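Everything below concerns the one structure shown next.
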Amino acid sequence: MQKEFTKNELLAMEALYCSYGDTVHYLKEPKIFARCKGSWLYDIDDIPYLDMQMWYSAVNFGYGNDEIMESYGKQLATLPQLATQYLHREKILLAWRLSAATEKAFGAKGRIHFNVGGSQAVEDALKLVRSTKKGRSLMISFMGGYHGRTLGATEITSSFRYRQKFGHFANRALFVPYPYCFRCFYEMTPGECRYECVRHFEKLFETEYYGVVDNKGEECEFAAFFVEPLQATGGYIAPPPEYFPMLARILEKHGILMVDDEIQMGIYRTGKFWAMEHFGVTPDVITFAKSLTNGLNPLSGLWAKEELINPEAFPPGSTHSTFASNPLGTAAALATLEFIDKHDFASTVPQKGRYLLDRLRELRKEHPVIGDVGGLGLAVRVEITKSDGKTPDRQLTDAIFQEGMKGDLSYKGSRYGLVLDVGGYYKNIFTLAPPLTISGEEMDLFIELFGALLKRLGV
Ligand SMILES: Cc1ncc(COP(=O)(O)O)c(C=O)c1O
């Protein structure tokens, strides 16, 4: 039997034996969790923490979801392990179901290609678009976008910090502004801007001297534009509805593929299977991961249009990973899709999202440091600002986050913690991604706890 270690002993061992490089170390006092269920995490002292971020949206359907866990148990008892090169029923059924869901969403036929984590799916998408657009190895992506931390993925992720210590292994993308209207790059006002961001992007194709097309304007140097339908790590920013259709027309005209990174916003986070469905645009490639298995087992992948990914175009061995399409992951993903079938998330997610936004807007009246709120479905952004309602307040955001993680909030005689995650260009945005199964009472409790945190900090 393993010795029961105390919290302090575990923390002392962590300080000695765990790399600090494989994740962020935001918390002043590291927290050890011991169990989870539904919308709740329980720390080592069994204090419940309401989780409003659900593992960066990897657990859309609640921790320890019994129905999804059951399928996992069955797979454990039958075929828990199998080399990727052999087939198993769940892989084939999952590919079929994901292709069908995507065909229903966009009316396009395609295939599914599996890997393990989000960044690996992005790497595979990079290979796919580079092999499709032979001779074009350059990519475009958004300022404030996030596509992962592997070497290729960091080249298309705008933050220099992610590359700073490691140098370049591929070509850094051309980064263009995302339509973050509350903090418009061009300092325009929504409604009056006439889509300055789209017009600036289109202008790049006007002459070879803007560095994008050849002298006849026929050939473009860029293979693909990697987009997030809503910026996730960038701060749960939703674009205005006309943006993507306008962008897609420009990309099509110049033969640039659109890769839609749905790793965080897909699987009903915004109320649709794929968030891009809100905008009526059909991407060429879609990457997905996280909530595909409800966070139970690493599994990721991509969907691509048939002409890009058929076996002649993207032949066997184009990519490979030992754990790609692993049986536990594919079984959990199939069960996740079955769970989705039994619930009407297309209706409940927008309803719950509206309720949460309304409650946050009420709270804002008492606390002007809530500078803005917004979002789509249950991807909700809360901007913390100075009392002018605009200037980002990173310090206060961090203080609220740290206080929530202390686990010492009291409400109606019980003790709670609050799990929040911070994102945004200025690290002043709470990116709320509660479970899509969250109850009305839990949303009300969140408002109480969040309000209590603001009061405690005197704002
Ligand atoms: C939009 C997006 N793309 C890619 C990734 C990378 O996924 P992973 O962390 O599984 O490598 C993330 C992770 O947060 C993400 O949000």
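Atoms within each ligand, like the ligands themselves, are counted from 1 in listed order. None of these values were measured; they are calculated from a predicted model.
Here the options are V59, L432, D421, L418, the test is side chain to side chain contact (heavy atoms under 4.5 Å, CB included), and the partner is Q53; only D421 passes. With F142 as the partner, the ring pair (Phe, Tyr, Trp, His ring centres under 6.0 Å) test is satisfied by one option alone out of F225, F226, F201: F225.
Atom 16 (O) of ligand 1 has Q264 NE2, 2.8 Å as its closest protein atom, hydrogens excluded (heavy atom only). Protein heavy atom in closest approach to atom 2 (C) of ligand 1: Y146 O, 3.3 Å. Scanning the protein for heavy atoms near atom 11 (O) of ligand 1, the closest one is S119 OG, 2.5 Å. Residue, atom and distance of the protein heavy atom nearest to atom 10 (O) of ligand 1 are G118 N, 2.9 Å. Closest to atom 3 (N) of ligand 1, if we only count protein heavy atoms, is D261 OD2, 2.7 Å. Looking only at protein heavy atoms, the nearest one to atom 13 (C) of ligand 1 is K290 NZ, 3.0 Å.
For the pair Q120 and ligand 1, the shortest N or O to N or O distance does not fall below 3.5 Å. In terms of polar-atom proximity, I263 is not counted as a contact of ligand 1, lacking any N or O under 3.5 Å from an N or O of the ligand.
For E403, the salt bridge (Lys or Arg N to Asp or Glu O under 4.0 Å) test picks out K406, R456, with sequence neighbours left out.
Atoms of ligand 1 found under 4.0 Å from any heavy atom of G148 (numbered from 1 in listed order, with element): 4 (C), 6 (C).
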Stepwise salt bridge (charged side-chain N to carboxylate O under 4.0 Å, His left out) check, K133 with D284: CA-CA 12 Å; K133 295 278 171 188; D284 297 292; over 6 Å; no

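Relative orientation of the Y268 and F345 rings is tilted, given thresholds of 30° and 60° on the angle between their planes.
Side-chain contact between Y195 and M246 is present, with heavy atoms from C-beta onward closer than 4.5 Å.
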Acceptor/donor pairs from residues 13-23 side chains to any protein atom, 3.5 angstrom cut, sequence neighbours excluded:
{"from": "S19", "atom 1": "OG", "to": "G21", "atom 2": "N", "distance (Å)": "2.8"}

